[in-house]
Structures are given as structure tokens and as C-alpha cells.
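Here's the structure, in C-alpha cells; my notes come after.
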Amino acid sequence: MSETRRRHTSTASSATADFVVPRRRPIVLGNWKMNKTTTQAVVLAQDISNHYYRDYDRVETVLCPPFIDLKSVANVLEFDRSALRLGAQDVYWEESGAYTGAISPAMLVEVGCAYCIVGHSERRGLFGETDRDVNRKVQALLSAGISPVICVGEGAATREAGERPTQEFIAGQLEAAFEGVGASGAARSVVAYEPIWAIGTGRTATPEQAQEICAQIRGRISERYGHATAQAVRLVYGGSVKPENVGFFVQMPDLDGCLAGGAALDAPAFIELVKAFL
Ligand code: PGA
């Protein structure tokens, strides 16, 4: 990824077009979803860690296993003195108490999580997570020192309704997620554009579609928090990213990495995604 890739020509803040902005550190996240028992998770983490050379420090690489595997994966990374980072797939916003089945931000901190996915479309769609819930989770994570990875993305019907409904839908999710969050919290967040119609379907957004939405997201963040914050926030694409298509996304100026599901379960494939952003 070269400096030219960072040349601003397409974001909504293009009053400042064509100046070179400081490079954001790319980030590649693997969302393991509800896959891998603890034994299997250890094997996968070891596999990824074994392939993980020093060069990859240049791309922040985050493993997001199921809650129950976090400690075992953390042990693998600690044993290997690995630069790989740990992330969770969800959190509850309360500090502690009678919330059966829930996991608090402090629990994630203690196990070593630096990141936590929030608002994934599967959480929203299958478990009824609302924009308000996402916002509470974002605030709780930031207070605990964990960077939220905020997922936004439209369904097929919205996409088919056209560009404007798609943009409005995503803007609404973004505004809700950042409600009450200050500029420094926003700058520490990652926003993942994950069109629902592309998740686990083998259908990807075109790199141009992903770039267009990410430019819009950066523009909204700029309007809300100012140019510097918008330039600090990392934006990633998710939805059937694989070694065969990741190269196209790397070229897009507002994309700083990817969030992979299926490809994250295979160590060589996942490493290919990381290498693509070197
Ligand atoms: P996928 O999942 O790569 O399997 O499409 C991505 C995601 O849901 O984060």
C-alpha cells in the first residue's frame, strides 16, 4: 500500500482534495463466529501464529474467536510472544450483575482483548440487537479501553432500492452508533462496512461500491468530528472477502483493511488477506 493510495480524491472532505494524508495502519480481522471448539481454536491460532512473521506487524491482525476460546487463544499468543491481537465478537454494556449469559467489557480487558465487534448483522438480525444497543456497547467498550469494531451495512432490499436509500440507511446506523461518543473515542473505533447481502454468500460488493460507501462514512465522520478524526478512523470491508478478491479492495483509498468470516477459519487463506495489506 503506497502513499499514493492515500491520495484524497474521493472522500466527502474533498475540499482538501489531492493532498497526501498520513498513512493509517491497516487492520485485518478474523471473525470466527460460532466456529471452533477450544481445542480447534488453539490449533487455528497456532497455525496463524506460526505463519505470522515480523513483517506482519505493519498490518494489525486481530483474531476474534468465540468467548469460550478467548483465554486459550490468548495463551497461544502470549506463549509465541505474537504481535497478533485478540478481539471479541460481542459484549454487554453493564459492568457486572444479574445478566445471565452476558460478558462485560472488564472481562474482555482481563483476557486481553484489544478489539470487540459490535452490531454485526447476525447479532442485529438473529438476536435483535438495536442501534441503541450498539451505541451502549460502543460507549462501554471505549470506557474500558477496548476499540469497538462497529458493523454497518444494508440488506439486499435497501441496496436494490438505490443509492440514496443505501446511503441513508448506513448514515443512520453510523449516527446512532456514535451518539454521545467524543472525537477521541471515534478515532479509536474501526467501522466495518458489511453489506448483509454479501456476508457468507460468496457475493462481494464491488471494490467501487465498498469505496463509495466508505468515502461516505468518512465524510460523515468528518462532518461530525472534523477532518483529523475522520482521517484517523480505520474503515474496513467485510462480506465474502477471500485471497482471490482481496487485492481489489486494497486499491481503494478509504479502505484500511478487511473483516473476514469464512476465510478467517483457514490459516493460509487468512494470512493471504493480511499479506495483501502489507
Ligand atoms: P464472510 O463473513 O467473510 O464469511 O462473508 C464476514 C462477516 O460476517 O464478518
Quick one: do V111 and L44 end up in the same hydrophobic cluster if we chain Ile, Leu, Val, Met, Phe, Trp and Tyr together by side-chain heavy atoms under 4.5 Å apart?
-> yes
Show the numbers, then the answer: is there a side chain to side chain contact (heavy atoms under 4.5 Å, CB included) between L259 and Y237?
-> CA-CA 6 Å; L259 173 55; Y237 168 76; over 6 Å; no
Taking the side chain as every heavy atom from C-beta outward, state whether C151 and E194 have any atom pair closer than 4.5 Å.
-> yes
Does D256 reach the main-chain N or O of L235 with its side chain, forming a donor-acceptor pair under 3.5 Å?
-> yes
With hydrophobic residues grouped by side-chain heavy-atom distances under 4.5 Å, do W32 and L70 end up in a single group?
-> yes
Closest heavy-atom contact between I150 and A177?
-> CG2-CB, 3.7 Å
Taking all non-hydrogen atoms of both residues into account, name the closest pair between R58 and P26 and its distance.
-> O-CD, 3.5 Å
Do you reckon I117 sits in the same ILVMFWY cluster as F67, going by side-chain contacts under 4.5 Å, direct or chained?
-> no
State plainly whether the residues R234 and E60 are in salt-bridge range, i.e. N to O under 4.0 Å.
-> yes
Can you tell me how far the CD1 atom of I27 sits from the SG atom of C258, to the nearest 0.5 Å?
-> 10.0 Å
For the residue pair F249 and A205, what are the closest heavy atoms and their distance?
-> CZ-O, 3.4 Å
Indicate yes or no: at least one non-hydrogen side-chain atom of P253 is less than 4.5 angstrom from one of Q211.
-> yes
Check for a donor-acceptor pair, side chain of N31 on one end and backbone N or O of G261 on the other, with a separation under 3.5 Å.
-> no
OG1 of T166 to CD of Q216: how many Å apart, nearest 0.5 Å?
-> 9.0 Å
Assess whether side chain to side chain donor-acceptor pair (under 3.5 Å) is satisfied between W197 and E160, documenting all intermediate values.
-> CA-CA 11 Å; W197 47 270; E160 276 152 27; over 6 Å; no
Check: Q89/H120 side-chain N/O donor and acceptor closer than 3.5 Å | no
Is there a donor-acceptor pair closer than 3.5 Å between any side-chain N or O of D133 and the backbone N or O of T130?
-> yes
Tell me, do S49 and L84 make a side-chain contact under 4.5 Å, heavy atoms counted?
-> yes
Expected output: side-chain Q40 to main-chain T37 donor-acceptor under 3.5 Å | yes
Taking 4.0 angstrom as the limit, do K137 and E129 come out as a salt bridge?
-> yes
d(C113 SG, I103 CD1) to nearest 0.5 Å is 10.0 Å
Whether over 12 other heavy atoms sit under 6.0 Å from E94 CD = yes
About how many Å separate CE of M252 and SG of C214, when rounded to the nearest 0.5 Å?
-> 10.5 Å
Should V91 and L141 count as side-chain neighbours, where that means a heavy-atom distance under 4.5 Å?
-> yes
Are Q209 and Y193 linked by a side-chain donor-acceptor pair shorter than 3.5 Å?
-> no
Quick one: does R85's side chain have a donor or acceptor within less than 3.5 Å of a partner on Y115's backbone?
-> no
If you round to the nearest 0.5 Å, how far is CD1 of I213 from CD1 of I170?
-> 4.0 Å
Backbone of L174 reached by a side-chain donor or acceptor of E179 within 3.5 Å | no
Would you sort out whether L63 and I48 count as a side chain to side chain contact (heavy atoms under 4.5 Å, CB included), showing the intermediate values?
-> CA-CA 9 Å; L63 309 184; I48 294 170; 3.9 Å; yes
Are more than 12 heavy atoms from other residues, nucleotides or ligands located less than 6.0 Å from atom CZ of F248?
-> no
Tell me, with the steps shown, if F270 and L265 meet side chain to side chain contact (heavy atoms under 4.5 Å, CB included).
-> CA-CA 7 Å; F270 185 62; L265 298 174; over 6 Å; no
Can you check side chain to side chain contact (heavy atoms under 4.5 Å, CB included) on R218 and Q231, steps first, answer last?
-> CA-CA 8 Å; R218 205 177 297 288; Q231 290 307 320; 3.9 Å; yes
Quick one: do S72 and N75 satisfy side chain to side chain donor-acceptor pair (under 3.5 Å)? Show the steps, please.
-> CA-CA 5 Å; S72 306; N75 289 343; 5.4 Å; no
Roughly how far apart are E244 CD and T204 OG1, rounded to 0.5 Å?
-> 10.5 Å
So, E175 and R224, do they make that salt bridge, N to O below 4.0 Å?
-> yes
salt_bridge(R124, D131) N-O dist < 4.0 Å = yes
Centroid-to-centroid, F178 to Y225, below 6.0 Å?
-> yes
Any donor-acceptor pair under 3.5 Å linking the side chain of T158 with the backbone of E154?
-> no
Please name the pair of heavy atoms, one in P105 and one in I146, separated by the smallest distance, quoted to 0.1 Å.
-> O-CD1, 3.8 Å
Give a yes or no answer on whether the side chain of S189 reaches the backbone of P148 with a donor-acceptor pair at less than 3.5 Å.
-> no
Ion pair K36/D69, N-O distance below 4.0 Å = no
Do V274 and L278 belong together in a cluster built from hydrophobic side chains that touch within less than 4.5 Å?
-> yes
Check: L108 and C116 side chains under 4.5 Å, non-hydrogen atoms | yes
Would you sort out whether Q46 and N50 count as a side chain to side chain donor-acceptor pair (under 3.5 Å), showing the intermediate values?
-> CA-CA 6 Å; Q46 280 171 339; N50 287 343; over 6 Å; no
Examine distances only and state if a side-chain atom of N245 and a backbone atom of S240 form a donor-acceptor pair shorter than 3.5 Å.
-> yes
For the student: nearest non-hydrogen atoms of A269 and A263, plus distance | CB-O, 3.7 Å
So, for A45 and V73, which heavy atoms are closest and what is the spacing to 0.1 Å?
-> CB-CG1, 3.9 Å
Is V62 reachable from L86 through a run of hydrophobic residues whose side-chain heavy atoms are each under 4.5 Å from the next?
-> no
Does any N or O in the side chain of Y99 come within less than 3.5 Å of the main-chain N or O of G101, such that one atom is a donor and the other an acceptor?
-> no
